[in-house]
J.: 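Structure incoming, see below.
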Amino acid sequence: MEVSNKKGILALSPLIVFIVLYLAMSIIAGDFYKVPITVAFMIASIYAITISGGFPLAKRIDIFSRGAGSSTLLLMLWIYVLAGAFAESAKQMGSIDATVNLALHVLPDSLLLPGLFLAACFISISIGTSVGTVVALVPIAAGIAHSTDADIALVTAIIVGGAYFGDNLSFISDTTVVATQTQGCKMSDKFRANLLIVMPGALAILIIYAFMGADIQAPGKVPDIEFIKVIPYLVVLLTAVFGMNVMAVLAIGIALCGIIGIANGTYDIYGWFGAMGKGITGMGELVIIAMLAGGMLEIIREGGGIDYLIAKLTSHVTSKRGAEFSIAVLVGLVNVCTANNTVAILTVGSISKKIGDKFGVDKRKAASILDTFSCAVQGMLPYGVQLLLAAGLAGVNPILILPYLYYPMAIGFSTLLAILLRYPKRYS
């Protein structure tokens with residue numbers, strides 16, 4: 001679709017308004033908690049509806065509502081609700097404390113940070129979803145942070161980073177499936193090319209976490225482990241690793257918290273219901289942010305903002321290196337406009353295939369670039385599903401997590417280096 005410069009920039013302007021408004025006011029105030037992110041999204045959403053010309057007001061609101069209530073978004077909202085109910089009922093039942101005590105007993109103090117990163121990498125590559133990994137591990141990581149006086153934003157970022165290791169590489173990840181299907185290559189071939197691109201970054205981040213965690217001290221006396229209270233988290237982890245749907249995983253976890261908590265007298269049925277209600281209510285802000293972002297991004301898409309980006313980024317490609325770079329930037333910018341890496345790959349996949357075929361880009365490398373760069377960008381979006389969920393479970397502002405997202409930054413940098421240095425050679 002042909003979109004003029006004026007129309008394209010206007011279509012993208014709500015996203016610019018949100019970023020400038022939130023960042024500028026937070027920097028002026030010197031406090032990212034001072035400006036509610038919900039208010040910034042509300043103002044940007046009202047602006048989006050106002051400037052989207054060519055439709056009656058009722059139609060514009062309908063477009064916004066369609067984005068805010070899309071089936072993909074609603075699935076994430078149900079996960080928020082179940083995650084909130086599970087996290088709070090597990091916390092009040094003592095499951096988080098018991099699991100943290102188990103981790104403190106098993107892992108040496110100096111290996112807590114790299115241990116958390118490796119656990120997130122293993123679980124995410126096993127289940128193929130960053131959301132499931134965040135749900136399973138962030139409450140435990142937050143508990144470890146409280147017990148060891150570590151920075152809670154840092155340990156939350158470690159889990160989010162590890163979650164994208166599997167989102168990027170797992171054979172059952174949505175992004176892997178879409179990237180390989182759109183580029184026409186085998187998953188195993190894409191995995192080998194992808195691993196060579198991201199592994200240097202993963203190893204570097206693991207070493208960094210080892211140095212950062214060298215001075216962490218666990219409490220002088222770690223309480224004894226109440227193994228029965230660890231069961232809900234063990235079951236959640238195991239069922240997730242075996243590929244069960246994340247909503248079913250959370251429902252089982254909630255039921256186990258209720259059964260064990262009532263059986264050992266931690267709370268009665270009313271206490272369990274109260275804990276679940278408190279957890280669900282605590283996710284309210286995340287639900288509002290996700291819906292406002294979804295509606296605003298749908299207006300941007302409908303107004304031609306994404307088509308404008310694609311047209312501009314593909315108009316000046318003249319070499320193989322330029323083709324690879326345009327694929328990376330294209331999927332990254334569309335990801336910013338959709339807040340969903342799978343949707344971003346779907347949106348630009350066919351365009352990327354045409355660019356790759358025209359300039360002789362290896363299909364395996366093209367698929368790797370699409371997947372890796374989209375995961376890098378998605379991992380650093382403060383309004384992305386994963387970061388919002390992690391922030392909600394840890395009780396911290398998502399903006400404060402951003403500076404510690406070393407792994408998404410590392411794989412983004414590794415992808416750009418792979419393009420510039422024509423690496424790996426066999427795929428370049």
Side-chain angles (χ1 to χ4, degrees), residues 67-93 95-96 99 119-120 122-142 159-160 162-164 166-167 170-178 231-261 272-291 293-294 339-343 378 383-394:
S70 69
S71 58
T72 302
L73 179 62
L74 286 176
L75 177 61
M76 292 300 104
L77 300 189
W78 305 144
I79 292 173
Y80 285 171
V81 169
L82 289 172
F86 172 65
E88 190 61 33
S89 56
K91 179 181 177 182
Q92 292 194 26
M93 190 269 282
S95 183
I96 292 176
T99 308
F122 169 74
I123 290 171
S124 63
I125 203 165
S126 300
I127 65 178
T129 166
S130 50
V131 171
T133 306
V134 166
V135 166
L137 289 183
V138 165
I140 298 171
I159 300 303
V160 174
Y164 279 101
D167 198 330
S170 175
F171 281 76
I172 56 174
S173 166
D174 288 350
T175 57
T176 295
V177 172
V178 175
I231 290 174
Y233 267 108
L234 289 179
V235 171
V236 163
L237 292 175
L238 288 172
T239 50
V241 167
F242 281 108
M244 185 176 286
N245 180 279
V246 67
M247 295 179 71
V249 167
L250 288 169
I252 291 170
I254 291 168
L256 284 172
C257 287
I259 293 167
I260 295 171
W272 178 38
F273 281 11
M276 287 191 289
K278 182 180 177 182
I280 293 168
T281 304
M283 289 289 172
E285 185 180 33
L286 303 188
V287 170
I288 292 168
I289 292 170
M291 293 183 74
N340 186 309
N341 48 347
T342 305
V343 171
Q378 180 72 19
Y383 52 91
V385 169
Q386 296 81 353
L387 207 51
L388 284 177
L389 184 57
L393 291 171

J.: Would you compute the distance between atom CG of Asn341 and atom OG of Ser173 and round it to the nearest 0.5 angstrom?
T.: 7.5 Å
J.: Run through Leu250, Leu77, Ile280 and flag the one making a side-chain contact (heavy atoms from CB on, under 4.5 Å) with Leu82.
T.: Leu250
J.: To the nearest 0.5 Å, what is the distance between CG on Leu75 and CG on Asn245?
T.: 7.5 Å
J.: Could you pull out the closest heavy-atom pair between Ala390 and Val138, with the gap in Å?
T.: O-CG1, 3.6 Å
J.: Out of curiosity, Met283 CE to Leu388 CG, how far, rounded to the nearest 0.5 Å?
T.: 10.0 Å
J.: Between Ser170 and Asp167, is there a donor-acceptor pair closer than 3.5 Å when you use the side chain of the first and the backbone of the second?
T.: no
J.: Can you name the nearest heavy-atom pair linking Tyr80 to Ala290, along with the distance?
T.: CE1-CB, 4.1 Å
J.: Between Leu389 and Ala83, what is the shortest heavy-atom contact and its length?
T.: CD1-CB, 4.1 Å
J.: Please find the pair of heavy atoms, one from Ala163 and one from Ala120, that lie closest to each other, and give the distance.
T.: N-CB, 4.0 Å
J.: Tell me every residue that passes side-chain hydrogen bond (donor to acceptor under 3.5 Å, both in side chains) with Glu88, counting only those two or more places apart in sequence or in another chain.
T.: Gln92
J.: Can you name the residues that form a side-chain contact (heavy atoms from CB on, under 4.5 Å) with Pro139, not counting sequence neighbours?
T.: Ile96, Tyr233, Leu393
J.: What distance separates Tyr164 OH from Ile125 CD1, expressed to the nearest 0.5 Å?
T.: 15.5 Å
J.: Strictly by side chain to side chain donor-acceptor pair (under 3.5 Å), give each pair with a member in residues 276-285 just once, sequence neighbours left out.
T.: none
J.: Could you give the distance from OG (Ser95) to CG (Leu256), rounded to the nearest 0.5 Å?
T.: 9.0 Å
J.: Using a 3.5 Å distance criterion without hydrogens, assess whether the side chain of Thr176 forms a donor-acceptor pair with backbone atoms of Phe171.
T.: no
J.: Do Met93 and Pro232 have side chains that get closer than 4.5 Å, going by heavy atoms?
T.: yes
J.: For a quick test of reading the model, state the closest non-hydrogen atom pair linking Val134 to Ile159 and the distance between them.
T.: CA-CG2, 4.3 Å
J.: Output the distance between atom CD (Gln386) and atom OG1 (Thr133), rounded to the nearest 0.5 Å.
T.: 10.0 Å
J.: Side chain of Ser124, backbone of Gly166: donor and acceptor closer than 3.5 Å?
T.: yes
J.: Looking at Cys257 and Trp272, what are the two nearest heavy atoms and their distance?
T.: C-NE1, 4.4 Å
